[in-house]
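Notes for the one structure printed next.
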Amino acid sequence: MPELPEVETVANGVHERTHGQTIRAVWTSNKPQTFKTPPDQIIETLTNSRIERVHRVGKTIVMDVIRNKKPAQFLIHLGMSGRLLVSDPKVPVPAHTHGILTLSGGREIRFVDPRRFGRLSIAESTYEGPGKEPLTISLKDFIALFRNRKTPIKAALLNQSLLHGVGNIYADESLFRAGIRPRRQAGRLTHADLGRLRTALIDVLKHAIKLGGSSVSDYVDAEGIAGFFQLHHNVYSRTGEPCRVCKTAIERIVVGGRSTHFCPHCQK
DNA sequence: CTGAATACCTGACGGC
DNA sequence: TGCCGTCAGGTATTCA
């Protein structure tokens, strides 16, 4: 499901509804692929801990907890289909639920993930993610990321060890706003190109966060509410539809193994 | 090291 | 109705 704006929306929603509460009990499924840290250790670390803060790093939701005065972090990566929901225990537990945290306030945090591309793990203290934050990176650092890269700019934007948090929707949308073709070699973009791309990316991410993210199939926030940024997509999933700027039909190609959408007239 | 291909999962949708 | 192919917001691993 989720890229930076969706993950941020979920993290903020879970934070508002749960921070300061104590985790009374933890349940997990037994699907090994879901757990980067063994379930026993997750249960041990989280049971009787207090939730200090829930926030986002890249596409990962980070829950800061304290147990016996010792800090730890619970990391939730939603993969393609993961949801993190704050629910009343009376609401039936959805299919494909892999984790439940029972809270002192009477509600539960549920991790639901049909495709099981999501991952749960424990970190010691300061998780920093694999790359740089798109919302705060300087222009100088942004330009340096792509220097000498032969891969298409679209693929470079999706590389989480460069920038973390950008996924398929916002890669396509930011390249449209910057007027750059997805297959251009990253290392051959001019400083002007990269300046426009950084601005476009930050603008599109911030706009999407304001609208609660994009709900393409079934993404919802912590309370089960859909986002609305999909109504503002210029190219993503608009194959064959007229460009909102020039009316040329939006094209779909495959770049870096991912479906890629662009306007052949507006993007050079 | 970089970059490309593949594997990992379930479910929705369209065509026949 | 139902069966089959295709596609989906991601990333770890493997191979050249």
Side-chain angles (χ1 to χ4, degrees), chain A residues 1-11 29-37 56-61 75-84 94-98 111-121 127 129-131 134 144-176 182-188 201 204-205 207-209 211-221 225-240 252-261:
Chain A
M1 104 171 137
E3 305 180 34
L4 187 154
E6 294 76 35
V7 176
E8 178 135 336
T9 300
V10 173
S29 76
N30 58 357
K31 299 289 185 187
Q33 197 187 216
T34 299
F35 302 94
K36 270 170 82 178
T37 299
R56 175 196 65 77
V57 174
K59 293 177 192 169
T60 299
I61 298 167
L75 306 185
I76 302 112
H77 195 296
L78 298 172
M80 290 281 262
S81 61
R83 300 179 178 198
L84 200 65
H96 308 293
T97 297
H98 298 291
F111 174 66
V112 182
D113 184 17
R115 288 180 72 184
R116 278 185 270 143
F117 289 172
R119 293 293 180 268
L120 302 178
S121 62
Y127 176 73
L145 284 182
F146 303 106
R147 195 164 292 149
N148 297 329
R149 299 244 160 220
K150 296 204 171 112
T151 198
I153 184 61
K154 163 74 186 268
L157 284 172
L158 295 177
N159 183 340
Q160 301 295 295
S161 62
L162 300 178
L163 285 173
H164 56 204
V166 181
N168 210 29
I169 295 175
Y170 300 101
D172 283 3
E173 293 297 325
S174 61
L175 287 169
F176 172 81
R183 285 216 240 252
R184 296 266 305 278
Q185 251 188 46
R188 290 196 174 170
L201 182 58
V204 78
L205 291 172
H207 188 187
I209 289 169
L211 296 185
S214 300
S215 290
V216 168
S217 56
D218 62 353
Y219 157 78
V220 290
D221 72 6
I225 308 297
F228 291 97
F229 190 69
Q230 67 280 8
L231 303 176
H232 294 263
H233 291 172
N234 283 306
V235 288
Y236 181 80
S237 196
R238 296 194 64 241
T239 309
R252 177 190 181 278
I253 57 178
V254 174
V255 180
R258 307 296 299 281
S259 159
T260 297
H261 315 77

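Because only heavy atoms are used, hydrogens play no part in the values below, and waters and symmetry mates are left out as well, while side chains stay in. Letters A, B, ... are given to chains in the order of the sequence lines, protein chains preceding strands, and every chain is numbered from 1.
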Any stems for DNA chain C, made of 3 or more Watson-Crick or G-U pairs in a row, each with both distances under 3.5 Å? B:2-8 with C:10-16, B:10-16 with C:2-8

Tell me which nucleotide among [options] gets nearest to the side chain of [X].
X: A:Lys150; options: C:dC7, B:dG3, B:dC9; value: B:dG3
X: A:Phe117; options: B:dT2, C:dT11, B:dC8; value: B:dC8
X: A:Arg149; options: C:dT11, B:dG3, B:dA4; value: B:dG3
X: A:His96; options: B:dC8, B:dG11, B:dG3; value: B:dG11

Measure [atom1]/[X] against [atom2]/[N] and give the value in whole Å, please.
X: A:Arg258; N: B:dA4; atom1: CZ; atom2: C1'; answer: 14 Å
X: A:Arg147; N: B:dT2; atom1: CZ; atom2: P; answer: 15 Å
X: A:Gln160; N: B:dT2; atom1: CD; atom2: P; answer: 16 Å
X: A:Lys59; N: C:dG10; atom1: NZ; atom2: P; answer: 4 Å
X: A:Asp113; N: C:dA8; atom1: CG; atom2: P; answer: 18 Å
X: A:Leu157; N: C:dT11; atom1: CG; atom2: P; answer: 14 Å

When you measure from the side-chain N and O atoms of [X] to the phosphate of [N], is any distance below 4.0 Å, counting only OP1 and OP2?
X: A:Ser259; N: C:dA8; answer: yes
X: A:Arg115; N: C:dA8; answer: no
X: A:His77; N: C:dT11; answer: yes
X: A:Arg119; N: C:dT11; answer: no
X: A:Thr151; N: B:dT2; answer: no

Residue pair A:Arg119 / A:Thr34, side-chain donor-acceptor N/O under 3.5 Å: no

Parallel, tilted or perpendicular for A:Phe229 and A:His233, by the 30°/60° rule? perpendicular

Is the A:His98 ring parallel, tilted or perpendicular to the A:Phe111 ring (thresholds 30°, 60°)? tilted

Heavy atoms only, 4.0 Å cut-off, all strands: where does A:Gly257 land among base, sugar-phosphate and nothing? nothing

With sugar-phosphate meaning primed atoms plus P, OP1 and OP2, does A:Tyr170 contact a base, only sugar-phosphate, or nothing at under 4.0 Å between heavy atoms? nothing

Give the intermediate values and the outcome of salt bridge (Lys or Arg N to Asp or Glu O under 4.0 Å) for residues A:Asp113 and A:Arg83. CA-CA 6 Å; A:Asp113 184 17; A:Arg83 300 179 178 198; over 6 Å; no

Find which nucleotide of DNA chain B each of A:Ala95 and A:Gln33 is nearest to by heavy atoms, and output the residue with the more 5' nucleotide. A:Gln33

When you measure only distances, ignoring hydrogens and angles, does the side chain of A:Arg116 come within 3.5 Å of the base of B:dC9 through a donor and an acceptor? no

